[in-house]
Each structure stands twice: as C-alpha cells, then as structure tokens.
Amino acid sequence: MRWRTVLLQYCFLLVTCLLTTLEAVPIDIDKTKVKNTHPVDSAKIEPPDTGLYYDEYLKQVIDVLETDNHFREKLQKADIEEIKSGRLSKELDLVSHHVRTKLDELKRQEVGRLRMLIKAKLDSLQDTGIDYHALLKQFDHLNHMNPDKFESTDLDMLIKAATSDLEDYDKTRHEEFKKYEMMKEHERREYLKTLNEEKRKEEESKYEEMKKKHENHPKVNHPGSKDQLKEVWEETDGLDPNDFDPKTFFKLHDVNNDGFLDEQELEALFTKELEKVYDPKNEEDDMVEMEEERLRMREHVMNEVDSNKDRLVTLEEFLKATEKKEFLEPDSWETLDQQQFFTEEELKEYENLISLQENELKKKADELQKQKEELQRQHDQLEAQKLEYHQVIQQMEQKKLQEISPSGPGGESKFEPRM
C-alpha cells in the first residue's frame, strides 16, 4: 500500500520491502527480449536496517498499524507532507482496541529496553541514585511521560524522530568516511616514522605505485546517464542496446514491483560502474571507498531525478529525467581517486584530537592501574591480618586446651580434687 511505502520510504525505505499487496500500474514489456526473467517474491525480501537505535521498535509499530483497516485506509489517501508533519497521528485514536493493546505492549518493551541501556551505562560509571524518568527524556522517539500507553503523541514523535534522523543519514556517512580516510593517512604516516630511510623510501614508492594502479581503470559513466543505463540494459539485463527503452528499463529494475525505484534499487544500478574501479582481490582497492562511491552515485541521481524529494523515483520522474540534456550529454564523472577528502590543516586538527583522546585514555589507564595496585595492597594487607588473626586464634585454642586438660609427669591426665 502506498501509504506504507511513503511513510517508511521517508524512514529510509523500511516499508518498501514489506509491500506485498500493492498493484502497480502495468507497463507493457516485451518479455521475449528479456533473458532469465523470474517473478520476485516480495514477501521474501527482508526490510533493511535503518541504522537507527530504535530500528526494531519502528518496524514493529509499523507492522501492528498495518493490521488496522481504518488506519491503513486513511494513510492510503495521505500525501507525504501529511505523514511527515504527523497530522495523521490523531487517527490512532480510532484504531481497534486489539491494535492499541499491542502498541501499548511494544512501548512498554521499548521503555524497558531503554532503561536497561541507561542502567548498563551508568553502572559502568559506578553511578548511583538513577532517575530513569529524567534520563528517558533524552530519547525523542517516544513520549516518556506515559511509559505504559502508546498514544497519538508517540506515533507523532516516532515519525518525526525517524524523519529527522534519516535526513542526516547521508551527511553522517560522509563525515564518517572522511574520518576513515584521515585515520588511514594518519596510520600510514605514523608507520613511516618507525622505519629507517631506506625502508621508508620503499614504502613510499610502493604506496605511489598502488595509487597509480588503482587510478588506472576504464572510464566510469556518469550515474543516471543514458550511457550508464544502456550498459546495465546490455550487460545485466542481456538486451540489445539498440532497443533501449526507458519505460521498460524502469519496469525491469523496479524489483519489488511497487511502482517506484527506491534507493536500494537505484544503488543496484551502479554495480557495473563500481566493478570498473574496485576489485576485492586487489590490494590497492578499498571496499569502504567503493561503498562511499556507490552512496555518492545514488545521491547524485536522487538529486537530479527525485523532484518531490520523497526518496522515491516514480515512472513519471524517471521519464522526465531522460528528456534532459544531462541524460544524453552528461559531464564526466569524477571518481573518489580524483578527489581530495581533506586538507593538511584538517588532518592536523584530527591528529591533535586523536592525541588528546589517547592522552585521556592513557590518563584513565594510569588511574585504573593505580586503583588496581591500591586494591592489591589492601588485599595483601587484609590477607596478612587474616593470617595473623588465624595464628592468634590457634594460640588461644591451644592455651585453652592446656588449661582444661593439664598432663602429669607420665603423660596421663592429672586430676586434683577441689577442697
């Protein structure tokens, strides 16, 4: 159903993969031209992990809401802005009691999970006097004021939190990749410092050689261009490049047959281009960089084609993009090996940050070592006291036995009656 696609497509394609009842508008396609086509069983497609720390909770809430006919019908007619704004959350008041009961239980489980996370974190810091109610405020995907009931406020907060978090997903990925590249360079330079001059020159020479080898690859087609799509049409779909048809291409690569090309389906189109640059068998090819390249390609095509910014490409948007000049005469595509990810100043700042973190960790390690030594000293002291007390007790017991049972000259007990 389209509401479900739109709602969780904006939540990073969570629901798109779960659709099993959507009937897409049929597109005429000559099946005789397509090699090895098999129907896709969308029920077997697992929903992707959104990467959110409340991913499982989000999936479960959507699954439960989907079982309510009234709520599903309302959302079928909703547009993206209505869903994103949370205005439809009030419809939750009209769902069945059975659905509300399930949602209440899901919320209680989620609150319990968050409390366990908080407790584990604070226990590691040896904190006491935990105020769970106050600490739950840091989680903005549910209403912490009522931990036992799932209300319209909870649905509103869940949608807005997921929307906000996932809008920053690509930006966060790029930042993490930049840090990854800086760390690689930092470690390389640190390693060079440990070598003598001769070895250092050898390593530098090898490094430059591997860079050149990686950069020596076939031309990469501009993502989303006619040349790039025709290559997929010919090499992946096994069709005659002279018969390339955008409408048929769209239908072939709408894998779950929901009437949209989602982000995963788009990323799958770039595999042939990425294989020109990256090979997991080659030492000089970094698979982390390959995934960053795939992400950049998908972002670029979405920016060019997805006119309403709902993270879905409709047939209309796709066909309109094929009429643009950029589709027929695109600019050359710069791969990652042609770009500089950071400046020397940024690298220096990053290294300073690493140095501060390492010093802080060393300081904590020293403190822990001192605590360990102090605990060992106290342990040894207690063991010595324990041994001393044990010896005193033994002496007292022996003395007591001697007083109760004194022996005569021949070793027999001597009994002296009292007068």
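All figures in this text were calculated on a predicted structure; none of them were measured in a lab.
- Of the N and O atoms on the side chains of Asp380 and Gln376, at least one donor lies less than 3.5 Å from an acceptor on the other residue.
- With respect to the salt-bridge test (charged N to carboxylate O, under 4.0 angstrom), the residues Lys276 and Glu273 qualify.
- By the 6.0 Å contact criterion, CD on Glu198 is open, its count of non-hydrogen atoms from other residues, nucleotides or ligands being 12 or less.
- Salt bridge status for Glu346 with Lys178: present, with a side-chain N to carboxylate O gap under 4.0 Å.
- No more than 12 heavy-atom neighbours from other residues, nucleotides or ligands sit within 6.0 angstrom of CD on Glu197.
- For the residue pair Asn282/His214, the side-chain donor-acceptor check at 3.5 Å is not satisfied.
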Extract all donor-acceptor atom pairs below 3.5 Å that involve side chains of residues 204-212 and protein atoms in other chains or at least two apart in sequence.
from: Glu204; atom 1: OE1; to: Arg188; atom 2: NH1; distance (Å): 3.1

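- Within a 6.0 Å sphere centred on CD of Glu235, heavy atoms belonging to other residues, nucleotides or ligands number more than 12.
- In this structure, His186 has its ring center at least 6.0 angstrom away from the ring center of Tyr350.
- Taking the charged nitrogens against the carboxylate oxygens, Glu105 and Arg108 do have a contact shorter than 4.0 Å, which makes a salt bridge.
- Salt bridge absent: Arg72 and Asp68 never bring a charged side-chain N and a carboxylate O closer than 4.0 Å.
- For His70, the NE2 atom is densely surrounded, since the number of other residues' heavy atoms within 6.0 Å is greater than 12.
- A salt bridge is absent between Glu292 and Arg296: the closest approach of a Lys/Arg side-chain nitrogen to an acidic carboxylate oxygen does not fall below 4.0 angstrom.
- Checking Gln395 against Gln391 by side-chain atom types alone, no donor-acceptor pair falls below 3.5 Å.
- Enclosure of atom CD in Glu283 is not indicated, since only 12 or fewer non-hydrogen atoms of other residues, nucleotides or ligands lie within 6.0 angstrom.
- Side chains of Glu299 and His174: a donor-acceptor N/O pair is present below 3.5 angstrom, by distance only.
- At least one side-chain heavy atom of Thr335 sits under 4.5 Å from a side-chain heavy atom of His217.
- If you check the side chains of Glu367 and Gln371, you find no donor sitting under 3.5 Å from an acceptor.
- Side chains of Asp227 and Ser225: no donor on one and acceptor on the other come within 3.5 Å.
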